[in-house]
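Reading through the structure tokens given below for one structure.
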Amino acid sequence: MKTKRKYFYLDDFEHRLLVGCLMTARNEYLHDGKPMEDVDDLILKIIDAPSKKLRVIEEARV
């Protein structure tokens, strides 16, 4: 079965916010003694994700 992929387009602020939230979750898992391998993998995926430039085309107002 083919794995579905989802793509998210984040600006710099959103990217930093997402990484910060994941790091907070990781620290809470570490404090509680829960396994955090999945969170670590997700953090690495987010940090290593390639950036893509998007073109924004504005419609002319009439």
Contact check, side chains of Ile47 and Ile43, non-hydrogen atoms, under 4.5 Å
yes

side-chain contact (heavy atoms from CB on, under 4.5 Å) with Ile46: which residues, sequence neighbours excluded?
His15, Leu18, Val19, Leu22, Leu42

What's the spacing between Arg16 CZ and Met23 CE if we round to 0.5 Å?
15.5 Å

So, taking the atom named CE in Met36 and the one named OH in Tyr29, what distance separates them when rounded to the nearest 0.5 Å?
11.5 Å

Heavy atoms of other groups near Asp12 CG, more than 12 under 6.0 Å:
no

